[in-house]
Amino acid sequence: MQPGAFWARSPFAFPAIVAAVVAGADQVTKWLVLRSLGPGNATAEREILGSLVSLHYVENTGVAFGFLQGQGVLVPVLAMAVVAFLLRMYRRVGSASAWFAVGSGLIFGGAIGNLVDRLRLGFVVDFIRVASWPTFNLADSAITLGVMALAWWYWRDSTRDQPRNAELAHSPAYQERGTCQDPDH
């Protein structure tokens, strides 16, 4: 089998592996935090870099930054809708881009990690506190990095097409058809 043949035949394999690693690492870190800082422990906070970075146990019933607190079923339904939307987008775009595959895998893994918490515990365990930023977890970080990867992919893809489209618009065949919108022509 040639290198890359597996990925070509299984376009969902790479993002699925990324998602599994993210969701697994997220659940392990949350389990450790629950054991050491969760309910029934002497302390709910441990400083890492003084007051700049600390581990702080928080039960989040909302979404990012605590929005939609106490909305019950709405939050997991929204999470599942986002995952379904991303799966649909991935099917359209496919594995044409490593950035899209990695970004999708990070978002899937983060969404799955937080969804497991919601279904198992009724809330998401947040534990990373950086200065005055709202407390977050590994899944939230993966989702943020995934969105950044997808934004990078989209920006690169759109800027890559612009010169080609500009060349086509200025080509003699395009101008002969009378469809050129350029006022200089």
Quick check on the hydrophobic clustering: are [X] and [Y] connected, directly or via other members, by side-chain heavy-atom contacts under 4.5 Å?
X	Y	result
Phe100	Phe12	yes
Ile48	Leu138	no
Leu55	Leu34	yes
Val33	Trp133	yes

Can you tell me how far apart [atom1] ([X]) and [atom2] ([Y]) are? Round to the nearest 0.5 Å.
X	Y	atom1	atom2	result
Ser104	Leu150	OG	CG	5.0 Å
Ser54	Phe127	OG	CZ	11.5 Å
Ile143	Ile107	CD1	CD1	7.5 Å
Ile112	Leu119	CD1	CG	11.5 Å

[X] versus [Y], closest heavy-atom pair with distance:
X	Y	result
Gly113	Ala23	N-CB, 4.2 Å
Ala149	Gly103	CB-CA, 3.7 Å
Gly110	Ala139	O-CB, 3.3 Å
Pro39	Glu59	CG-OE2, 3.8 Å
Thr61	Phe123	CG2-CB, 3.9 Å
Tyr57	Leu37	CB-O, 3.5 Å

Taking only residues at least two apart or on different chains, which pairs with a member in residues 36-55 satisfy salt bridge (Lys or Arg N to Asp or Glu O under 4.0 Å)?
->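 Listed by first then second residue: Glu45-Arg129.
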
Please name all residues satisfying side-chain contact (heavy atoms from CB on, under 4.5 Å) with [X], sequence neighbours left out, ordered by chain then number.
X	result
Ile128	Val130, Phe136
Trp152	Trp99, Trp155, Arg156
Leu106	Val18, Val22, Val102, Ala142, Leu145

Connected hydrophobic set around Leu32, excluding itself, where side chains approach under 4.5 Å |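 Direct or chained contacts put Leu32 with Val28, Trp31.
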
Taking only residues at least two apart or on different chains, which pairs with a member in residues 14-26 satisfy side-chain hydrogen bond (donor to acceptor under 3.5 Å, both in side chains)?
->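 The answer is Asp26-Lys30.
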
Counting only heavy atoms not in Tyr154, do more than 12 fall under 6.0 Å of its OH?
->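 No, not enclosed.
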
Can you name the one residue among Asp117, Thr29, Asn114 that meets side-chain hydrogen bond (donor to acceptor under 3.5 Å, both in side chains) with Asn137?
->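 Of the listed options, the one satisfying the test is Asn114.
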
